[in-house]
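Have a look at the structure below before the remarks.
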Amino acid sequence: MVTMSSTHTGGADATAAPIAFRELLPSPGGADADPAAAYAYPGDLDRPWVRANMVASADGGAIGPSGRSRDLSSAPDRRVMGALRALCDVVLVGAATARVEGYGPVRVRRAWEGLRAGRPRTPAVAVVSRSLDLPEALVTEAPADARTLVFTTSDSPAQRRRAIAEHADVVVVEGVSVTPAHVVNGLAERGLYRVLTEGGPHLLAEFVAAGLLDELCLTLSPHLLGSGAPRIVAGGPDTPGAPDQASAQSTPVRMAHLLEAQGSLFARYVRE
Ligand SMILES: NC(=O)c1ccc[n+]([C@@H]2O[C@H](COP(=O)([O-])OP(=O)(O)OC[C@H]3O[C@@H](n4cnc5c(N)ncnc54)[C@H](OP(=O)(O)O)[C@@H]3O)[C@@H](O)[C@H]2O)c1
């Protein structure tokens with residue numbers, strides 16, 4: 001099984017050396033906050049809860065000079081990401097992130113066993129794509145109980161669709177765009193309620209504009225990237241089927257917690 005690269009979107013090793021997470025909010029405490037407890041999903045969900053995990057520089061950039069988010073990541077960021085993956089039922093990404101970051105199926109980690117009792121040992125990966133240009137390992141190497149789920153459109157290349165359907169679950173949406181509602185409904189039908197989207201900025205923007213993002217877990221990384229770096233949300237009406245970002249509403253969010261480790265801040269914002 002292929003491991004994701006060690007970036008923000010890469011594999012986090014929950015078994016590595018201890019990292020001290022300090023809780024700053026809501027109650028300033030010692031350096032012993034447990035990310036797995038701090039990021040627990042709401043209990044008794046009766047619909048998918050969509051959480052995003054993104055990293056940004058101190059001046060708001062989301063993609064570093066390497067063209068990836070790895071320039072912004074750190075050991076504590078990877079630890080939080082590992083906890084978030086351990087807690088979720090499905091990791092949801094846009095195909096560009098899957099390609100750039102070299103996604104494969106999520107790797108099994110022994111440290112996650114307690115958090116995954118009664119569920120597959122790893123979350124499935126769901127990917128949204130029109131082109132169906134996807135990393136091969138992501139399609140072919142997922143375990144049977146966490147098959148990769150591909151959301152695509154009816155105008156996607158038919159031959160690729162057939163080839164992918166031999167290994168992965170494919171959901172075909174009529175038209176030119178997979179809307180966030182299509183994704184949420186498809187995940188709900190499969191009982192995948194604890195959703196973790198890892199971006200990228202274009203996919204995340206669509207969820208924000210559709211009012212379907214419940215929670216943003218944001219790592220603020222101690223770097224400056226300057227004005228050329230995209231934000232954690234990107235895109236606009238020139239993307240086929242994408243909502244008009246300029247007309248998006250302002251959605252209030254509440255800070256559920258703020259943690260600190262090694263100079264990175266970990267904010268958890270929940271939609272009011
Ligand atoms: N800072 C962070 O936390 C973070 C997190 C993730 C990624 N990133 C970075 O962000 C970059 C990639 O993100 P991105 O914003 O360019 O792309 P993205 O959101 O990851 O993926 C966009 C792609 O997803 C598919 N897609 C999106 N909306 C769709 C829709 N409505 N219907 C059908 N398909 C749809 C299309 O795939 P096809 O092209 O296959 O048709 C589209 O090109 C990389 O540089 C990555 O390193 C940063």
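Note that these values count all heavy atoms, side chains included, but never hydrogens, waters or copies made by symmetry. Atoms within a ligand are numbered from 1 in the order they appear, just like the ligands themselves.
Among the atoms of Leu72, none of the N or O lies under 3.5 angstrom from an N or O of ligand 1. Not a single N or O atom of Asn53, backbone or side chain, sits closer than 3.5 Å to an N or O atom of ligand 1. An N or O contact shorter than 3.5 Å links Val55 to ligand 1 by distance. Polar contact check, Thr153 against ligand 1: no nitrogen or oxygen pair lies under 3.5 Å apart.
In this structure, of Gly175, Pro201, Gly199, the residue bringing a heavy atom nearest to atom 8 (N) of ligand 1 is Pro201. With Arg70, His202, Glu198, Arg99 as candidates, the residue nearest to atom 43 (O) of ligand 1 on a non-hydrogen basis is Arg99. Residue Gly67 holds the heavy atom nearest to atom 44 (C) of ligand 1 of all those in Ala210, Gly67, Ala96. Of the options Arg130, Glu101, Met54, Met81, the smallest heavy-atom separation from atom 4 (C) of ligand 1 is shown by Met54.
The distance from atom CZ of Arg79 to atom OG of Ser264, rounded to the nearest 0.5 Å, is 13.0 Å. A distance of 8.5 Å separates CE in Met81 from CG in Leu84, rounded to the nearest 0.5 Å. Separating the CD1 atom in Ile19 from the CG atom in Asp77 is a distance of 9.5 Å, to the nearest 0.5 Å. Interatomic distance, Leu196 CG to Trp49 CH2, rounded to the nearest 0.5 Å: 13.5 Å. The CH2 atom of Trp112 sits 7.5 Å away from the OG1 atom of Thr122 when rounded to the nearest 0.5 Å. Rounding to the nearest 0.5 angstrom, the gap separating the CG atom in Leu92 from the OG1 atom in Thr197 is 4.0 Å.
Enclosure of atom CZ in Arg47 by more than 12 non-hydrogen atoms of other residues, nucleotides or ligands within 6.0 angstrom is indicated.
The contact set between ligand 1 and Leu203, taken as ligand atoms under 4.0 Å from a residue heavy atom, comprises 19 (O). Each of the atoms 9 (C), 10 (O), 11 (C), 45 (O) of ligand 1 lies under 4.0 Å from some heavy atom of Ile63. In the vicinity of Glu206, heavy-atom distances shorter than 4.0 Å reach the ligand 1 atoms 27 (C), 28 (N), 29 (C), 30 (C), 31 (N). For ligand 1, the atoms closer than 4.0 angstrom to any heavy atom of Val178 are 30 (C), 31 (N), 32 (N), 33 (C). Listed by number with element, the atoms of ligand 1 under 4.0 Å from a non-hydrogen atom of Ser69 are 1 (N), 2 (C), 4 (C), 47 (O), 48 (C). Ligand-side atoms of ligand 1 in range of Ala62: 1 (N), 2 (C), 48 (C), range being under 4.0 angstrom from any heavy atom.
In this structure, Ser177 is part of the shell of residues with a heavy atom less than 4.0 angstrom from ligand 1. Residue contact check for ligand 1: Val128 places a non-hydrogen atom closer than 4.0 Å to it.
Listed here is the closest heavy atom pair of Thr153 and Gly175: CB-O, 3.2 Å. Of all heavy-atom pairs between Ala98 and Val93, the closest is CB-CG2, 4.2 Å. Residues Leu72 and Gly61 share a closest heavy-atom pair of CD1-O, 3.5 Å.
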